[in-house]
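Atoms considered below: every heavy atom in the structure, side chains included; atoms not considered: hydrogens, waters and symmetry mates.
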Amino acid sequence: MPSVGRISSQLGLQLALMLAWVLLYQSAELLEYSPHASLWYPPAALSFAALTLFGLRAFPALLLVCFLMSVWHFQRYHPAEQIPYAAAIFPAMAHGLSYLLGALLLRILIQSGRVNYSGTLVAYLILAAIAALLAAYSGAWSLQLAGVIEQSERLAIWLGWWIGDLVAILSLSPFLVLLLDYCTGKTIAKQAPWLLQHGHGPRHSFLLKLVLCLLLLTLSMLLAHQVRAQEITFLILFLSLPAMWLVYTESIWRSFSGLAVISLAIVLLMALLDLSNYAAIYQFTIAMIAVAMLYGTAVPLLQNTNQQLQRSLHTDPLTGVLSRQGFVEQANLLMGRAGRRKDKVCLAVLDLDHFKRVNDLLGHQIGDEVLQQVCQTLQRQLRQHDLLGRFGGDELMLLLPDTDSREASKICERLRLSIEQLHITAGGQQVTASFGICEQQSDESFNQLFARADKTLLQAKQRGRNRIETILADQSATD
């Protein structure tokens, strides 16, 4: 049986959703153009956001509050008539089931894990449009079936109803999803932390960008109020430029909250300045900015993903040293520079002696830990400009710039002793390392240098392991 705490938590969620829905319902009257439809309907955004985040758990509260508001709505506009309680359930069902269908499909897609953030945005836009269309069309029909409106009224309001719902969903529901999640456990932060990591700069910088957006918005709408010409209202479209600046440089949290504030400001100014005659233009503006900002959030995430991919290509995930590709790329750069300056460069190739025995006797997990300890030991003792990379398995590479073969031998001998002092044993035998060192010859490529160093490493193994073999510069010249 559910615990008392869980029941109280669920009850608190239901009551909070109902209260928030009622408050947003009242705000829809700012742009109400008929008793049954609004040009901007924020309760739809809350319904879609709550059902997307909580699924069926949110449905009872939303269905109940829709029913209660339908009853209140009928009593308000038809005070002399008896309230049709049975008919009031039709609009509630039309609203709740339409958004439940869209939200559940979106939840299934997200939980499948088969789409990335950009794909989720596309699915969100499509499903939001379909759910809003179903809610508007079925809602208008439900009012006609309940006898509240005539057929002519139904035909007149369903399109504006759809657009009003959709505009609110596009501009508000992303912010409401984050807000509800933050208040109920931070599930998104736990399951997709990468989504919230970008753009946490100074707060005053975000506020400055948002104020700039609101200032341009206010100026354009004041000008439209004074001139009263449709062409002037299109100046608001330039708001998309600072809005893009905001979304490309700030976090998802700030971008979505900024979008919600901009949307609300447009609605408030439209009502205060009596610009409802240009409602279609401002609805289009809100929708355009919302879609642009939603897609804009994918750009920083894509950049972050590319940076992580770049790091994964150049860094070995197990040991944290350079990967084979990363080592070769940086080694070629250093060797090219050394060739131009006539500097000495040495390459050391090493691997751990009898490392297979560690994996066979102690397991691969212990083998991984041994590799990590060895790499950490080497990194602590290397110079800042030295390169350490993992070629594969237990074979490692060291590039020592500004170093001749004799100095490289001294460095590697110190490293060999430090590995020996780790006292890692397997099957009664201590884990040690063998080194093969070669100095770069004139116009020698990395691949050629590596082949010679690898051959030198083989000699170290053949001569007893746990030792260093070096090809001195004068030896290389005579070979």
Side-chain angles (χ1 to χ4, degrees), residues 310-353 355 370-422 424 431-461 466-473 475-476:
Q310 193 75 6
R311 284 195 296 269
S312 68
L313 289 174
H314 290 81
T315 305
D316 177 59
L318 174 64
T319 60
V321 302
L322 290 170
S323 65
R324 179 175 178 175
Q325 178 178 336
F327 185 91
V328 172
E329 288 182 6
Q330 293 195 35
N332 278 320
L333 291 175
L334 289 174
M335 289 172 61
R337 185 188 309 160
R340 292 189 297 271
R341 297 177 178 177
K342 307 300 182 182
D343 293 335
K344 302 292 186 181
V345 175
C346 281
L347 177 68
V349 180
L350 67 139
D351 70 5
L352 302 183
D353 300 325
F355 188 69
V370 170
L371 269 176
Q372 291 169 344
Q373 288 183 51
V374 168
C375 288
Q376 291 169 6
T377 299
L378 296 177
Q379 282 182 311
R380 283 195 296 266
Q381 299 188 60
L382 289 173
R383 299 165 300 183
Q384 187 174 4
H385 59 282
D386 295 334
L387 298 183
L388 172 62
R390 183 184 178 195
F391 185 80
D394 62 315
E395 192 166 14
L396 304 173
M397 302 174 288
L398 287 171
L399 190 76
L400 306 172
D402 302 323
T403 307
D404 61 22
S405 54
R406 287 183 170 80
E407 186 178 358
S409 296
K410 295 177 182 178
I411 293 173
C412 290
E413 176 62 18
R414 186 174 69 250
L415 297 176
R416 185 193 67 79
L417 290 173
S418 66
I419 294 173
E420 191 176 42
Q421 291 168 2
L422 289 175
I424 303 170
V431 174
T432 55
S434 300
F435 291 72
I437 306 169
C438 283
E439 184 178 316
Q440 182 191 18
Q441 298 177 352
S442 177
D443 297 326
E444 186 175 29
S445 69
F446 173 81
N447 289 336
Q448 292 170 329
L449 178 60
F450 177 81
R452 290 199 301 117
D454 199 42
K455 187 176 180 180
T456 308
L457 171 63
L458 182 60
Q459 293 177 3
K461 291 181 177 181
N466 191 22
R467 59 183 289 123
I468 291 171
E469 288 293 330
T470 305
I471 297 182
L472 302 176
Q475 291 177 319
S476 298

Novice: Among residues at least two apart in sequence or on other chains, which ones pass ring pair (Phe, Tyr, Trp, His ring centres under 6.0 Å) with Phe450?
Specialist: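 Partners of Phe450 by the ring pair (Phe, Tyr, Trp, His ring centres under 6.0 Å) criterion, ordered by chain and then number, come out as Phe391.
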
Novice: As an exercise, state the distance from CD1 of Ile468 to CG of Leu350, rounded to the nearest 0.5 Å.
Specialist: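 Ile468 atom CD1 to Leu350 atom CG measures 9.5 Å (nearest 0.5 Å).
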
Novice: Which value, rounded to the nearest 0.5 Å, describes the distance between Phe446 atom CZ and Leu334 atom CG?
Specialist: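 Answer for the CZ-CG pair, Phe446 versus Leu334, is 11.0 Å.
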
Novice: Nearest 0.5 angstrom please: Ser442 OG to Lys342 NZ, how far?
Specialist: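 Answer rounded to 0.5 Å: 5.5 Å.
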
Novice: Do you know the tightest heavy-atom contact between Ile419 and Ala433?
Specialist: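 Shortest heavy-atom separation between Ile419 and Ala433 comes out as CD1-CB, 3.7 Å.
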
Novice: Could you walk me through whether Phe327 and Val321 pass the side chain to side chain contact (heavy atoms under 4.5 Å, CB included) test, one step at a time?
Specialist: CA-CA 9 Å; Phe327 185 91; Val321 302; over 6 Å; no

Novice: Here's a test for you: under side-chain contact (heavy atoms from CB on, under 4.5 Å), which of Val349, Leu457, Leu415 qualifies with Phe435?
Specialist: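 Checked Val349, Leu457, Leu415 against Phe435; only one passes side-chain contact (heavy atoms from CB on, under 4.5 Å): Leu415.
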
Novice: For Ala408 and Leu400, which heavy atoms make the closest approach, and how far apart are they?
Specialist: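 Heavy atoms only, the tightest pair is CB-CD1, 3.8 Å.
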
Novice: Heavy atoms only: give me the nearest Arg383-Asp402 pair and the separation to one decimal.
Specialist: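 Reported closest heavy-atom pair: NH1-O, 4.5 Å.
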
Novice: Assess whether side chain to side chain contact (heavy atoms under 4.5 Å, CB included) is satisfied between Asn466 and Arg416, documenting all intermediate values.
Specialist: CA-CA 7 Å; Asn466 191 22; Arg416 185 193 67 79; 2.9 Å; yes

Novice: Looking at Lys410 and Glu413, is there a salt bridge between them, counting it only when a charged N and a carboxylate O are closer than 4.0 Å?
Specialist: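 Salt bridge absent between Glu413 and Lys410.
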
Novice: Return all side-chain donor-acceptor pairs below 3.5 angstrom for residues 371-380, not counting sequence neighbours, or 'none' if the list is empty.
Specialist:
| from | atom 1 | to | atom 2 | distance (Å) |
| --- | --- | --- | --- | --- |
| Gln372 | NE2 | Leu318 | O | 3.1 |
| Thr377 | OG1 | Gln373 | O | 2.8 |

Novice: Working to the nearest 0.5 angstrom, can you tell me the gap between Glu329 CD and His314 NE2?
Specialist: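 Output value for this atom pair is 3.5 Å.
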
Novice: Testing the basics here: between Ala453 and Leu347, what is the closest heavy-atom pair and its distance to 0.1 Å?
Specialist: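 Closest pair (atom of Ala453, atom of Leu347, distance): CB-O, 3.9 Å.
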
Novice: Grab the two heavy atoms, one from Leu387 and one from Ala331, that are nearest each other, plus how far apart they are.
Specialist: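 Looks like CD1-N, 3.8 Å.
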
Novice: Less than 4.0 angstrom from a charged side-chain N to a carboxylate O is my criterion; do Lys344 and Glu407 meet it?
Specialist: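 No salt bridge links Lys344 with Glu407.
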
Novice: State the CG-CG distance between Leu399 and Asp386, to the nearest 0.5 angstrom.
Specialist: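 Nearest 0.5 Å value for the CG-CG distance: 8.0 Å.
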
Novice: Using only atom types and a distance under 3.5 Å, with no angle test, would you say the side chain of Gln440 pairs donor to acceptor with the backbone of Glu444?
Specialist: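 Indeed, once roles are kept as given, a pair shorter than 3.5 Å links the two residues.
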
Novice: Just by modelled atom types, is the Glu439 backbone N or O under 3.5 Å from a matching donor or acceptor in the Arg452 side chain?
Specialist: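 It does hold such a pair.
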
Novice: Minimum heavy-atom separation for Ala348 and Ile437, please, with both atom names.
Specialist: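 Closest approach of Ala348 to Ile437: CB-CG1, 3.9 Å.
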
Novice: Supply the atom-to-atom distance Ile411 CD1 to Leu398 CG, rounded to the nearest 0.5 angstrom.
Specialist: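 Reported value, rounded in 0.5 Å steps: 9.0 Å.
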
